[in-house]
Amino acid sequence: MNEIILFSRNNCPLCEEVKVWIDLLAYDYSFEFREKDIEEDDDLHEKYALQIPVVHVNGEELIFPQLSENAVRERLQKY
């Protein structure tokens, strides 16, 4: 089973955009989706504070500028 994890925070317009992509991808692919708020975890906040949104697709990390709907789709197609 594919897995997508979105690392985000509240009031993040880019994070909301990524959630829209993920919702659309659910029409074509089967995956488990989780969202993690980096504000709730000190280690995640330290790691991603200046980089969100960050997406992990099956463990592969995507950060802007390589993060896009097509990049997520390509990773899902591998499995």
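Across I52 and C12, no two heavy atoms sit closer than the pair CD1-SG, 4.0 Å.
A heavy-atom distance below 4.5 Å is found between the side chains of K36 and L44. L14 places none of its side-chain heavy atoms less than 4.5 Å from the side chain of L67. For the pair S30/M1, a side-chain contact is recorded, criterion being any heavy-atom separation below 4.5 Å from C-beta on.
Sorted by first and then second residue, the pairs that involve residues 37-56 and meet salt bridge (Lys or Arg N to Asp or Glu O under 4.0 Å), not counting sequence neighbours, are R9-E39.
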Check: residues 53-65 side-chain donor-acceptor pairs under 3.5 Å, at least two apart:
from, atom 1, to, atom 2, distance (Å)
H56, NE2, Y48, OH, 3.1
H56, NE2, E61, OE2, 3.2
N58, OD1, E3, N, 2.8
N58, ND2, N2, OD1, 2.8
E60, OE1, K78, NZ, 3.3
E60, OE2, R75, NE, 2.9
E60, OE2, R75, NH2, 3.4
E61, OE2, Y48, OH, 2.6

Please list every donor-acceptor pair under 3.5 Å in which a side-chain atom of residues 18-27 meets a protein atom from a residue at least two apart or in another chain.
from, atom 1, to, atom 2, distance (Å)
K19, NZ, E16, OE2, 3.0
K19, NZ, E35, OE2, 3.3

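Summarising the geometry, atom SG belonging to C15 is positioned 8.0 Å from atom CD1 belonging to I38; distances are rounded to the nearest 0.5 Å.
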